[in-house]
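Working notes, beginning with the structure itself.
Being a predicted model, the structure only gives us computed values, none of them experimental.
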Amino acid sequence: MKEDYAHKSILHTSDFILTIVIVVGGLVEYFLLWHWSMPIPEYLRIILGITLLLFSISLIAKSKSELNKAKQPSEPGKPTTQIIQSGIYAQTRNPTYLGCAILLLGLGITFNFYSWVVGSLFALVLMHVLLVLPEEKYLSAKFPKEFSEYKKKVRRWI
């Protein structure tokens, strides 16, 4: 292993992927000549959307809290110092990425933007391919036994 990090650029972060999908989705919604309306009453749509938003923010905050508690950097180009297995990381191996996808889904439902609802699935696929797979390869090489055991105990997503 020649590099001691999974990602070397800000372009390989969930923040970047989320921003791109929000901007592109917003432009698609703005420039569409017609607007699709979700087939549920507006008050239910808003309640569901806000619930998803609150859940996603909680998920991301818990993830960041566990990283900070363990003094684990999450910026690109920084080495992983340990496998965090406590808190939310005992439930899912990728709480930040899952939270970002749910955040986008919640935004799409709240604001009735189909492009963000569909974009949440696209973002999840992008995060899986561009972030999760390289991270898992890196962690398997750096912490072979510990990461293998962790993968057996905790699911990748939910």
Do the non-hydrogen side-chain atoms of [X] and [Y] ever get within less than 4.5 Å of each other?
X	Y	answer
Leu121	Val125	no
Leu133	His128	yes
Ser115	Tyr30	no
Ile109	Ile46	no

Under 3.5 Å donor-acceptor, [X] side chain and [Y] backbone:
X	Y	result
Gln72	Thr81	yes
Asn94	Val132	no
Ser56	Ile102	no

Which residues pass the side-chain contact (heavy atoms from CB on, under 4.5 Å) test with [X], not counting sequence neighbours?
X	value
Leu124	Ala101, Trp157
Glu149	Lys152
Leu54	Ile50
Pro39	Tyr114

Grouping I, L, V, M, F, W and Y whenever their side-chain heavy atoms are under 4.5 Å apart, do [X] and [Y] come out in a common cluster?
X	Y	result
Leu53	Ile158	yes
Ile57	Leu67	yes
Phe31	Val118	no
Tyr97	Phe55	yes
Ile60	Leu105	no

Out of curiosity, [X] [atom1] to [Y] [atom2], how far, rounded to the nearest 0.5 Å?
X	Y	atom1	atom2	answer
Ser120	Met127	OG	CE	8.5 Å
Phe147	Tyr138	CZ	OH	11.5 Å
Leu59	Leu52	CG	CG	11.5 Å
Asp15	Cys100	CG	SG	6.0 Å
Leu131	Ser14	CG	OG	6.5 Å

*Hey, mind stepping through Gln91 and Arg155 against side-chain contact (heavy atoms from CB on, under 4.5 Å) and telling me if it holds?*
CA-CA 7 Å; Gln91 308 299 316; Arg155 292 176 181 228; over 6 Å; no
Filter on salt bridge (Lys or Arg N to Asp or Glu O under 4.0 Å), then keep only pairs touching [range], sequence neighbours left out; what's left?
range	result
residues 106-133	none
residues 79-107	Arg93-Glu136
residues 35-59	Glu42-Arg45
residues 111-133	none

_Residues forming a side-chain hydrogen bond (donor to acceptor under 3.5 Å, both in side chains) with Lys145, sequence neighbours excluded_ = none
_side-chain hydrogen bond (donor to acceptor under 3.5 Å, both in side chains) partners for Thr110, two or more places apart_ =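 Listed in chain order: nothing, the list is empty.
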_Qualifying residue, where the test is side-chain contact (heavy atoms from CB on, under 4.5 Å) with Leu107 and the options are Leu18, Ile22, Val117_ = Ile22
*Quick one: hydrophobic cluster around Ile47, which other residues, with the 4.5 Å side-chain cut-off, linked directly or via members?*
Tyr43, Leu44
What's the shortest heavy-atom distance between [X] and [Y], and which atoms?
X	Y	value
Gly108	Trp116	CA-CB, 3.6 Å
Ala70	Ile84	CB-CD1, 3.8 Å
Thr92	Tyr150	O-OH, 3.8 Å
Leu104	Ala123	CD2-CB, 4.2 Å
Tyr89	Ser63	OH-OG, 2.8 Å
Lys64	Ser74	NZ-OG, 3.9 Å

*asked:* Using the salt bridge (Lys or Arg N to Asp or Glu O under 4.0 Å) criterion, which residues pair with Lys69? Sequence neighbours excluded.
replied: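 With sequence neighbours excluded, Lys69 shows a salt bridge (Lys or Arg N to Asp or Glu O under 4.0 Å) to Glu66, given in chain and number order.
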*asked:* With a sphere of 6.0 Å drawn around NZ of Lys62, does it hold more than 12 non-hydrogen atoms of other residues, nucleotides or ligands?
replied: no
*Assess the side chains of Gln82 and Lys71: does a donor N or O sit below 3.5 Å from an acceptor N or O?*
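The criterion, which ignores hydrogens and geometry beyond distance, is not satisfied for Lys71 and Gln82.
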